[in-house]
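Some notes on the structure that comes next.
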Amino acid sequence: MKSEPSEMSIDKLAAMPEQTTAWDGVRNYQARNFMRNQMQMGDLVFFYHSSCPEPGIAGIAEVSRLAYPDETQFDPASKYYDPKATRENPRWFNVEIRLLRKTRLLPLKELRSYPELSSMRILQKGNRLSITPVDPSEWKFIEAKL
DNA sequence: GCCAACGTTGGC
DNA sequence: GCCAACGTTGGC
């Protein structure tokens, strides 16, 4: 799961109560569907820093709450407000994640250097999805490098 | 700041 | 349903 450190960094997450945060503000249907339809309690997550001087994996988290309607879509004051969403018919959902451990920063550049990871979704050209599934084999490989 | 690669919107 | 225009993402 990608996050801009200025929005939610690994250190900010570590400072949250229960080291937990709602993954709200996602406004992409594919990413929403991953959260709403696929993610289960306890699923493991690489926490990735994007759009920053050193993009890369910064920690490991887990899904601590199943997807539920994203509150920010109902809030006119929020930058994530969606006038087309209603409580009866919400459009956007979010899970919550809890930090398990901060890791060394594993830079994007290093991820790209491993042939074993060449088919990873996040490394494909033009990939902009903020949430992507990770193959178990890719997970094991990366975890061993952290 | 640039720009490639998408995703969304809306007129037709 | 098509597709041009526009907006966004995110690495560099």
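In the text below, chain A, chain B and the rest are named by the order of the sequence lines, each starting its count at 1.
Using a 4.0 Å cut-off on heavy atoms, none of the residues of residues 106-123 of chain A approach DNA chain B.
Note: CG (A/Asn28) to C1' (C/dG10) measures 14 Å, nearest angstrom. Rounding to whole angstrom units, NZ of residue A/Lys125 and P of B/dC3 are separated by 15 Å. Computed from coordinates, the A/Glu54 CD to C/dC12 P distance equals 11 Å when rounded to whole Å.
Between A/Arg87 and A/Glu71 a salt bridge is recorded (basic side-chain N to carboxylate O distance below 4.0 Å). Between A/Asp70 and A/Arg27, at least one side-chain nitrogen of the basic residue sits less than 4.0 Å from a carboxylate oxygen of the acidic one, meeting the salt-bridge criterion. Between A/Glu7 and A/Lys79 a salt bridge is recorded (basic side-chain N to carboxylate O distance below 4.0 Å).
Relative to the ring axis of A/Phe93, A/Arg32 does not place its NZ or CZ within 45° and under 6.0 Å from the centre.
Cluster membership for A/Leu146 and A/Leu105, using ILVMFWY side-chain heavy atoms within less than 4.5 angstrom, is not shared.
The aromatic rings of A/Phe141 and A/Tyr114 sit perpendicular, their planes meeting at an angle over 60°, well past the 30° parallel limit.
Taking Ile, Leu, Val, Met, Phe, Trp and Tyr as members and joining any whose side-chain heavy atoms lie under 4.5 Å apart, directly or through other members, the hydrophobic cluster of A/Ile97 also contains A/Met1, A/Met8, A/Ile10, A/Leu13, A/Met16, A/Trp23, A/Val26, A/Phe34, A/Met35, A/Met39, A/Val45, A/Phe47, A/Val63, A/Val95, A/Leu99, A/Leu129, A/Ile131.
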Considering only nitrogen or oxygen atoms on both sides, find all protein atoms under 3.5 Å from nucleotides 5-9 of chain C and state each distance.
| unit_1 | atom_1 | unit_2 | atom_2 | d |
| --- | --- | --- | --- | --- |
| C/dG7 | N2 | A/Arg128 | NH1 | 3.4 |
| C/dT8 | O2 | A/Arg128 | NH1 | 2.5 |

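When the shell of 6.0 Å around NZ of A/Lys12 is examined, it contains more than 12 heavy atoms from other residues, nucleotides or ligands.
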